[in-house]
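Since the structure comes first, as structure tokens, the remarks are kept for the end.
Proteins get letters first, then strands, A, B, ... in listed order; numbering begins at 1 in each.
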Protein chains: 2
Amino acid sequence: MPKRVDHAERRTEIAEALVRAAGRLGLHAVGMRDVAAEAGVSLRLVQYYFESKEKLLLFGLRHLAERFAQRVAARVRAAGADPGARAVIEALLAAALPVDAESRTFHHLYTSYAVLAVTDEALAAQPFIKDPDSAEDTVAGLLRQAAEQGRLRPGVDPRAAAAGLLAMSAGLGTGVLVGQRSAESATGVLAHHLDLIFLPSGADAV
Amino acid sequence: MPKRVDHAERRTEIAEALVRAAGRLGLHAVGMRDVAAEAGVSLRLVQYYFESKEKLLLFGLRHLAERFAQRVAARVRAAGADPGARAVIEALLAAALPVDAESRTFHHLYTSYAVLAVTDEALAAQPFIKDPDSAEDTVAGLLRQAAEQGRLRPGVDPRAAAAGLLAMSAGLGTGVLVGQRSAESATGVLAHHLDLIFLPSGADAV
DNA sequence: ATCTTTGTGATACGACCGTACCATGATGGT
DNA sequence: ACCATCATGGTACGGTCGTATCACAAAGAT
């Protein structure tokens, strides 16, 4: 037998080529041949490791979601040890904004997948729909924790506030993506809304 | 010469056929032949009234934006005469949520166009990018007016709050579109955030 | 009445796309 | 040493897509 290649690793390489090519051309325009060229392999190999384009797309989506989850987790961790709920939430929301090339690509492709999911039921059944829910759980948990410590403005519902913040972050991200808004403006808007949700800590009340 | 058809009217009919077909198949999957079939005309006619697919897409986008602006304006008008800034804003944001077939299609296609605009500079240069800005101006103006009447929570910046609300509405809309969230939940989240921005009016404080 | 322009249809063309098929090194098991 | 099998390349096929071409009917202009 030949080299006995690690299939999982090769599939990951090809999936990352897909992500790069799709980030450049748009997901709608990327073909099997583009992915092959980007990965530096033959068209046949892409077919070999993924039997069909649909399988490739699905795997690419899962890979993208995983990488992004790791990114967010790393950013949250980098926010320091127990830095308070607000800082964690701010880091989490900021990590989702398309401020650099990686998060731009992520936002771009994730939105592309979401649009495709409207008309493609195989995509709609994919768990990437649920990922934002888990993010919402995380944020809601942090808000609840802050509420118990009396750091939240009275009347704020953690669940609704979490959903609103994440939706806002997603919407602002799209605005940044299409060049309608700067990244700084987006983070500013988020910070302003966090000010509405959290009580001013210590002396820096507005 | 033949019938002397009204070109503008015919182009509008074809553009609406495009919108219907794209709403059903997804913008990425709709072709000239689909549009022709949907409009009940021959492929040649679509080419005749729009020289290229790109022109058709651009015109379709403008048509979509116009129809949507009219829809929002009608909803705001239907909110009653001088119903207060909050009611107007709530009507405006609610009109943008994909609650019925028309607004679902709008949200779906508008997001599709936004995704395409990331990689297509002809689309990126299109004024539909600016329309949200004018909506933001409107909301910011209403918030400023409410602030002058002392109806806003102190410390709320009208501009940032308007941007945040519109982004939240867009993000929630996407959530509703992909079936991740119900329309009722989305309006509830919006209402909750309006509660954070506006002071409780009269006796119904929380 | 003829001519010229406008609207409409049918069809052909070239390109590309996803997939399938065929061939063939390479290599580990026996 | 041989062979079954994995990995890989090349290439062809059927379909579809946007666009171009050819044809022609209808009707105002002269």
Original post:
Of all residues at least two apart in sequence or in a different chain, which pass the ring pair (Phe, Tyr, Trp, His ring centres under 6.0 Å) check with A/F106?
Top reply: A/F68, A/Y110
Polar pairs (N or O, both sides) under 3.5 Å between protein and nucleotides 11-15 of chain D?
none

Original post:
Any idea which of D/dT19, C/dG7, C/dC17 is nearest the B/S52 side chain?
Top reply: D/dT19
**OP:** Return the value, rounded to whole Å, for the distance between atom CZ of A/F50 and atom C1' of C/dT19.
**Re:** 16 Å
Original post:
Mind checking whether A/T111 and B/V118 have side chains closer than 4.5 Å, heavy atoms only?
Top reply: no
**OP:** Specify the residues of residues 117-124 of chain B, ordered by number, for which at least one heavy atom lies under 4.0 angstrom from an atom of DNA chain C.
**Re:** none
Subject >> Which nucleotide in C/dT6, D/dT8, D/dG18 has an atom nearest any side-chain atom of B/Y48 >> reply: C/dT6
**OP:** Would you kindly give the CZ-to-C1' distance between A/R10 and D/dA7, to the nearest whole Å?
**Re:** 8 Å
Original post:
How long is the line joining CD of A/E51 and P of C/dT19, in whole Å?
Top reply: 10 Å
**OP:** Flag the pair A/L27 / B/H28 as yes when at least one side-chain heavy-atom distance between them is below 4.5 Å, and no otherwise.
**Re:** no
Original post:
Can B/D195 and B/R86 be counted as an ion pair, charged N to O under 4.0 angstrom?
Top reply: yes
Original post:
Which parts of residues 15-31 of chain B get close to DNA chain C, meaning a heavy atom less than 4.0 angstrom away?
Top reply: none
Subject >> B/D34 CG to D/dC17 P, straight-line distance once rounded to whole Å >> reply: 6 Å
Original post:
Is A/R71 atom CZ crowded by more than 12 heavy atoms from other residues, nucleotides or ligands, each under 6.0 Å away?
Top reply: yes
Original post:
Taking atom C1' of D/dT16 as reference, at what distance in whole Å does atom CE of B/M32 sit?
Top reply: 14 Å
Original post:
D/dT8 P sits how many Å from A/R11 CZ, rounded?
Top reply: 14 Å
**OP:** Report yes if a side-chain nitrogen or oxygen of A/H7 is closer than 4.0 Å to either non-bridging phosphate oxygen (OP1 or OP2) of D/dC6; otherwise report no.
**Re:** no
Subject >> A/V5 side chain, from C-beta outward: closest of D/dA7, C/dT19, D/dG9 >> reply: D/dA7
Subject >> Between C1' of C/dT19 and CD of A/E54, the distance in whole Å >> reply: 14 Å
**OP:** Mind listing the closest non-hydrogen atom pair of A/S169 and A/A96 along with its distance?
**Re:** OG-CB, 3.9 Å
Subject >> ring pair (Phe, Tyr, Trp, His ring centres under 6.0 Å) contacts in which one or both residues fall within residues 74-97 of chain A, not counting sequence neighbours >> reply: none
**OP:** Might you point out which heavy atoms bring B/A160 and A/V189 nearest each other, and give the distance in Å?
**Re:** O-CG1, 3.6 Å
Subject >> B/V41 to B/V46 - nearest heavy-atom pair and separation >> reply: CG2-CG2, 4.0 Å
**OP:** State, to 0.1 Å, how close B/D133 and A/Q180 come at their nearest heavy-atom pair, and which atoms those are.
**Re:** OD1-CG, 3.9 Å
Original post:
Is the distance from OP1 or OP2 of C/dT8 to the nearest side-chain N or O of B/Y49 less than 4.0 Å?
Top reply: yes
Subject >> Partners passing ring pair (Phe, Tyr, Trp, His ring centres under 6.0 Å) against A/F59 (at least two apart in sequence or in another chain) >> reply: A/F50
Original post:
What is the distance, rounded to the nearest whole Å, between atom CG of A/D6 and atom P of D/dT8?
Top reply: 12 Å
Original post:
Can a salt bridge be assigned to the pair B/R159 and B/D137 using a cut-off of 4.0 Å between side-chain N and carboxylate O?
Top reply: yes
